[in-house]
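Please read these numbers as outputs of a predicted model, since none were measured by experiment.
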Amino acid sequence: MENILTQFTAGLIARLDGPLHFRFIVQPLIATGLAFRDGFRDARKGQPPYGWKLLTDPEHRQSLLKKGWKRISKVFIVAVVLDLVYQLIALHSFRLGGALIVACLLALLPYILLRGPANRLMWRYVRRQ
């Protein structure tokens with residue numbers, strides 16, 4: 001298990017300097033923009049932060065997950081495809097598991113982490129108005 005983790009970490013570090021390295025900047029920025037857009041929409045509608053509602057509202061969890069996936073799915077798919085292209089160019093092979101993990105780090109993680117804080121920022125702004 002430790003060997004697999006070491007290989008993955010080394011492969012991830014190699015991706016930072018290889019072909020298509022710009023995606024490590026562009027994809028998180030796009031995910032961040034989507035998170036702020038959706039967080040602002042949530043605040044304008046008077047909804048609680050997405051992550052909090054996801055954790056505390058089991059009745060609507062499935063619909064919330066579907067809506068969140070609908071918002072971020074295109075960015076996630078582009079992240080997977082770009083990583084597979086990178087693998088083809090640099091490694092001359094495909095490793096779907098690695099591409100999925102990289103896509104989660106580049107697209108899903110920023111979106112999940114920033115949608116709630118964006119909601120809170122907008123909520124404070126709206127409250128002051």
Around Arg41, counting heavy atoms of other residues, nucleotides and ligands shown, do more than 12 lie under 6.0 Å from its CZ? yes

CG-NZ distance between Leu55 and Lys53, expressed to the nearest 0.5 angstrom: 13.0 Å

Hydrophobic cluster membership, with links at side-chain heavy-atom distances under 4.5 Å among I/L/V/M/F/W/Y: are Phe22 and Leu84 in one? yes

Near Trp69 CH2, under 6.0 Å, is it more than 12 heavy atoms from other residues, nucleotides or ligands? yes

Could you see if Ile30 belongs to whatever hydrophobic cluster contains Leu100? Use Ile, Leu, Val, Met, Phe, Trp, Tyr and a side-chain cutoff under 4.5 Å. yes

Within the 4.5 Å heavy-atom criterion, are Phe36 and Pro117 side-chain neighbours or not? no

How far apart are the C-alpha atoms of Tyr50 and Leu114, what are their side-chain angles, what is the distance that settles it, and do they pass the side-chain contact (heavy atoms from CB on, under 4.5 Å) test? CA-CA 10 Å; Tyr50 178 76; Leu114 295 174; over 6 Å; no

If we ignore hydrogens and angles and just use 3.5 Å, is the side chain of Asp38 paired with the main-chain N or O of Arg115 as donor and acceptor? no

Tell me, please, whether Tyr86 has Arg23 positioned over its six-membered ring: NZ or CZ under 6.0 Å from the ring centre and within 45 degrees of its axis? yes

Inter-residue atom distance Leu82.CG - Ile77.CD1, 0.5 Å rounding: 12.0 Å

Is there a continuous path of hydrophobic side-chain contacts, each under 4.5 Å between heavy atoms, that joins Leu88 to Leu96? yes

Give the cluster check for Leu91 versus Val80: same hydrophobic cluster or not, with ILVMFWY residues linked at side-chain heavy-atom distances below 4.5 Å. no

